[in-house]
Amino acid sequence: MIEIKDLHKSYRMGSNSLHVLKGLNLSIKEGELVAIMGSSGSGKSTFLNILGMLDEADSGQYVLDSVPIKDLNETKAAKYRNKFLGFIFQSFNLINYKTAIENVSLPLYYQKVNRKERQEKALQYLEKVGLKQWADHLPSELSGGQKQRVAIARALAAEPKVLLADELTGALDSKTSYEIMELIQEINDEGKTILVVTHEPDIANMCKRIVHLKDGVIVEDTFVEQVRASEYVQ
Amino acid sequence: MFSRDRWQEIFQTIRKNKLRTFLSGFTVALGILIFTVLFGMGNGLKNTFNEFFMDDATNTFYLYPGRTSVPYKGFKKGRQVEFRNDDLEDIKKDFALYLDKITPRTSKSELARYKGESNTYNVRAVAPAYQEMEKNILMKGRYINEKDIAERAKNIVIGRLVEIDLFGKSESALGKYLNVGGVMYRIVGVFQDDGGDNEERYIYMPYTTRQLLDKGTDKIDQIVLTYKTNIGYAGAMAFDTSLYKYLKDKHKVAPEDQNGIYLSNTADIVRRNMMFANVLQIVVVFVGIGTLIAGVIGISNIMVFVVKERTKELGIRKALGATPASVIGLVLQESIFITTIAGYIGLVLGMGILSLMGNNFKEDYFITNPEVGLDVVITATVILIFFGVVAGYIPAKRAARVKPIVALRDE
């Protein structure tokens, strides 16, 4: 699903440049649930930005679902993002004046799906995350966990190839975090490829594979025995 | 641009962000409102000015006889100069190149009586050419004509208000006999004049009739004449100089004597008035531009604020697959929509205020019929929309270029 070969990225800071990613190689197959761990400054955010086509690598290959991702202009990146990727953010990033269902249907709007179908699909995904009855509520009327569920439904609605989650439990208490991870695991069980950037070991252990980044290189890449979040959820 | 979905997005953001909508709408509406009202009032001032100064023919000379102040050719100083009918004939003959129309004018205040009503009016004895000089418009009947002059007919033309004063609103004065200064005259015409009430309280009679009543004299008070407009300002000034010299010579007034004969030339006055009118026009335009600039600055500030406020939302939209073009389009289309509606509201309100003002401020503030051309206001609105778009485009473009990750971090 994702093929990364010899990926380099450096930022120019005045006269000297900062080499952030120093030749990453990573291959992720369809249906994997991968945690990317690393302390701040390890390059994990930069890596996620490149995976999310929010930033472009200096050199190296990035192939997503057999499509080489290169020479992106803004418009093309927007189309690829819309088609391939679903984002889940730490701070949910719901549009605060739109109801849950309107938020979920937004990526479909950018896919030019017609209004009726948008509504149906959005409702279907809200049901999937267990918030069908909250469809017409504004984000301000939802709890943190519910907001993240709406965000997940929104990420799923576009039917992306890969879900990218950036510290998705960072703003939640541990009980809610586990509930969210349970949902992530369920979605993964259905075959969706998911990448989770986190610095919390317990969250990472709920994935199937953990990639450790340090100083711009992968220092460890292990497949782990998945801890089911449902064990923690009463 | 015209998709229904896009409009629904825009209507939703407008509905859900009332303060923002109100602020930008209010700025534009207020800008256009103030523009319309100020511009209209400026035009009102100009109208008043034109009414005051541009009413009568503008290519006119007035000649008045005076008393000499210098002894000349055996005459003592202090001699009263008098014009006579032959002066008219001589000017006609010797200045045919310049002269358009000429008429004498002898004024006298006399009591007019009809049945129970009476009033004192200024009665002017003139020739037919005078109608054109005063720009009198006949409502009924005719003006003094050449036949009246030749026959010394006791025919008169009266102003609209003279008719109302003496005959009331319902009765027509035409063909009736009016007692003026003890002599009965037949009313052959009623006129109106744009120059105000006083201009409509004159009575005109043939100058020959006046001379007949004044014991057959051929004396005339003043001479009013118009020159051919095609001679231009320079030609008018040349005519002025040579005519003045000619008359002084004829009436034996010393060339250096300023008091024997007076010549008042409207060409000069008109020129000065036109300059004043132009200054007024410049002030009006200046006020308009100033208001517009204030409005443009206002809408620009609000657009910058709007885009700043929406940075995060736009970042989310980008992460979900919005292209830069669609982000810019969303922001601009919303702002164009709001400014257009608000501009229209401001326009209608402004026009409404102007029409309410109407002529109520004419007496105290010299504002006559304040109005603005629809084209001017629409242009102003379009300018405001255009600058609102330009002002919104720059930050919108920047917002569209910001990486979603950066925009989303912007808490």
Side-chain angles (χ1 to χ4, degrees), chain A residues 45-46 48-56 73-99 102-118 138-140 151 154-155 157-160 164 166-167 171 197, chain B residues 1-24 306-331 333-334 338 393 396-411:
Chain A
S45 297
T46 307
L48 190 79
N49 287 354
I50 291 171
L51 287 179
M53 299 176 215
L54 306 170
D55 205 347
E56 212 171 347
N73 60 32
E74 282 273 3
T75 309
K76 208 161 148 193
K79 287 207 175 101
Y80 282 171
R81 273 201 292 273
N82 187 249
K83 191 167 144 197
F84 290 126
L85 303 170
F87 288 92
I88 305 165
F89 303 95
Q90 177 177 358
S91 51
F92 323 126
N93 284 330
L94 300 176
I95 292 176
N96 56 19
Y97 62 83
K98 284 180 176 288
T99 60
E102 285 166 348
N103 265 292
V104 174
S105 58
L106 200 57
L108 298 169
Y109 165 72
Y110 286 113
Q111 283 181 348
K112 313 223 183 307
V113 174
N114 74 49
R115 188 176 173 78
K116 195 158 176 259
E117 206 176 322
R118 283 207 306 264
L138 289 172
S140 56
R154 182 176 67 182
E159 289 169 358
L164 296 176
D166 186 10
E167 301 280 6
V197 170
Chain B
M1 184 86 182
F2 298 104
S3 88
R4 185 164 163 256
D5 277 341
R6 171 66 75 79
W7 280 115
Q8 269 166 348
E9 271 300 301
I10 285 165
F11 287 138
Q12 189 184 29
T13 51
I14 288 174
R15 255 200 328 277
K16 298 288 175 70
N17 299 280
K18 290 203 177 74
L19 179 68
R20 197 166 78 199
T21 308
F22 173 77
L23 278 178
S24 34
V306 162
V307 171
K308 184 94 192 138
E309 193 203 40
R310 292 185 79 171
T311 304
K312 187 171 177 191
E313 181 205 328
L314 299 177
I316 297 171
R317 286 177 184 272
K318 281 195 78 182
L320 297 179
T323 58
S326 88
V327 167
I328 296 172
L330 188 73
V331 172
Q333 209 171 324
E334 181 188 322
I338 293 173
Y393 179 75
K397 196 167 152 66
R398 202 182 307 144
R401 218 190 291 133
V402 167
K403 295 190 171 93
I405 284 294
V406 178
L408 296 177
R409 237 183 258 137
D410 181 34
E411 293 289 322

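Every chain is numbered from 1, with letters handed out A, B, ... down the list of sequences. Every value quoted in this text rests on a predicted model; they were computed, and no experiment measured them.
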By a 4.5 Å heavy-atom criterion (distance strictly below it), what part of [X] contacts chain A: side chain, backbone, both, or neither?
X: Ala322(B); result: both
X: Arg15(B); result: neither
X: Ser326(B); result: side chain

Full working for side-chain contact (heavy atoms from CB on, under 4.5 Å) between Arg310(B) and Ile95(A)
CA-CA 10 Å; Arg310(B) 292 185 79 171; Ile95(A) 292 176; over 6 Å; no

Give the member of Lys98(A), Gln111(A), Met53(A) that has the highest number of heavy-atom pairs under 4.5 Å with chain B.
Lys98(A)

For chain B, which candidate among Lys76(A), Glu102(A), Lys79(A) shows the most heavy-atom pairs at distances under 4.5 Å?
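Most pairs with chain B among the choices: Glu102(A).
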
Going through the checks in order, is the side-chain contact (heavy atoms from CB on, under 4.5 Å) test met by Val327(B) and Glu74(A)?
CA-CA 12 Å; Val327(B) 167; Glu74(A) 282 273 3; over 6 Å; no

Rounded distance (nearest 0.5 Å) linking atom [atom1] of [X] with atom [atom2] of [Y]:
X: Phe87(A); Y: Ile316(B); atom1: CZ; atom2: CD1; answer: 12.5 Å
X: Leu106(A); Y: Arg317(B); atom1: CG; atom2: CZ; answer: 5.0 Å
X: Asn17(B); Y: Asn96(A); atom1: CG; atom2: CG; answer: 8.0 Å

Which atoms of Leu94(A) approach chain B - backbone, side chain, both or neither, heavy atom under 4.5 Å
backbone

Any idea which heavy atoms bring [X] and [Y] closest together, and the distance?
X: Gln8(B); Y: Arg115(A); result: OE1-NH1, 3.1 Å
X: Gly321(B); Y: Asn82(A); result: CA-CB, 3.6 Å
X: Tyr97(A); Y: Gln12(B); result: O-NE2, 4.4 Å

Contacts of Thr46(A) that satisfy side-chain contact (heavy atoms from CB on, under 4.5 Å) - sequence neighbours left out:
Lys9(A), Tyr11(A), Val20(A), Leu21(A), Ile50(A)

Considering residues at least two apart in sequence or located in another chain, which fulfil the side-chain hydrogen bond (donor to acceptor under 3.5 Å, both in side chains) criterion with Arg398(B)?
none

